[in-house]
Amino acid sequence: MTIKRVRAHHLAQMKAAGTPITMLTSYDAITTRIFDEAGTDMLLVGDSYANVMLGFDSTTQVGIEEMVLATGAVARVAKRAFVVADLPFGSYETSPADAVANAVKLIRAGASAVKLEGGVRMAPTIEAIVRAGINVVAHIGYTPQSENALGGPRVQGRGDGADQVRKDAVAVAEAGAIAVVLELVPAPIATEITQDLAIPTIGIGAGEHTDGQVLVWTDMAGMTNWQPSFVKVFGEVGQELKKAAEAYNTAVRARTFPDDQHRFDQ
Ligand code: KIV
């Protein structure tokens with residue numbers, strides 16, 4: 001299937017056709033251009049922006065203003081990818097009306113959908129945003145914004161917890177979500193949910209049978225010293241960037257840059 005610009009119905013068609021959906025996080029214009037040209041189907045302006053780009057130790061540290069700024073940067077550059085923006089912690093839990101108002105800000109910034117965390121408990125909020133004509137991607141399983149309540153990153157849906165994850169998946173689909181992220185869900189449960197739901201599932205640490213996969217781009221590109229066990233490093237971009245910076249520093253200190261080939265002609 002050749003898609004000029006990925007839209008919500010294409011995601012449904014990809015699920016129906018068994019075509020895996022690719023999603024990466026992106027937070028700025030420069031990496032968005034690269035991921036978009038690489039043919040990534042979905043770009044997530046995740047609230048991991050807080051940890052990855054702003055140096056905070058929790059996703060709860062970004063607010064709607066920062067997310068609007070990052071979403072604009074990504075949306076202005078993405079030509080093909082479907083841009084999803086995270087509703088940050090505190091921007092949607094207070095009431096469905098607050099959720100709609102903040103979702104509108106992200107859509108105005110250029111997102112094609114908003115993402116929020118929570119299953120059964122967030123179903124009325126998802127319904128309200130969908131009623132406002134806005135696409136919603138749900139996020140269940142391990143939900144980083146509730147890290148304190150959940151006791152840190154841990155698999156959700158083992159043993160008795162499996163039933164809650166199944167109920168969450170059904171609730172967000174019935175509320176009108178166009179897709180659901182399954183984070184740190186045991187692979188057999190993620191597989192079962194993927195088979196049962198009509199909407200696409202996007203897994204992260206949820207095994208290989210979800211309809212799509214998402215990773216934080218800095219993890220998969222080797223920009224960090226540590227990655228979770230479910231992450232594969234697909235390129236050592238961090239090391240290459242360090243090498244480039246070292247070579248530049250060396251050349252400037254040796255006065256071999258600028259040279260005759262790199263002057264601004266006056
Ligand atoms: O913010 C984020 O990066 C996310 C992914 C982990 C799915 O929500």
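Whatever order the structure lists them in is the order used to number ligands and atoms, beginning at 1. Any value given below was found using the heavy atoms of this structure, including those in side chains, with hydrogens, waters and symmetry copies removed. Being a predicted model, the structure only gives us computed values, none of them experimental.
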Would a distance-only check, ignoring hydrogens and angles, find a side-chain to backbone donor-acceptor pair under 3.5 Å from Asp168 to Val120?
yes
Is there a donor-acceptor pair closer than 3.5 Å between any side-chain N or O of Tyr92 and the backbone N or O of Glu117?
yes
Per-atom contacts, ligand 1 versus [X] - under 4.0 Å to a heavy atom:
X: Asp86; answer: 1 (O), 8 (O)
X: Thr25; answer: 3 (O)
X: Ile204; answer: 6 (C)
X: Gly46; answer: 1 (O), 2 (C)
X: Val216; answer: 3 (O)

Classify the ring geometry between Tyr49 and Tyr27 as parallel (under 30°), tilted (30 to 60°) or perpendicular (over 60°).
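Tyr49 and Tyr27: parallel rings.
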Do other residues, nucleotides or ligands put more than 12 heavy atoms under 6.0 Å from the [atom1] atom of [X]?
X: Arg108; atom1: CZ; value: no
X: Asp57; atom1: CG; value: no
X: Arg263; atom1: CZ; value: yes

Do me a favour and list the nearest non-hydrogen protein atom to [atom] with residue, atom name and distance?
atom: atom 8 (O) of ligand 1; result: Lys115 NZ, 2.9 Å
atom: atom 7 (C) of ligand 1; result: Leu44 CD2, 3.8 Å
atom: atom 2 (C) of ligand 1; result: Ser48 OG, 3.2 Å

Would you say the side chain of Met14 lies within less than 4.5 Å of the side chain of Pro200, judging by non-hydrogen atoms?
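No, their side chains stay 4.5 Å or more apart.
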Heavy atom of Met23, distance to ligand 1 below 4.0 Å:
no
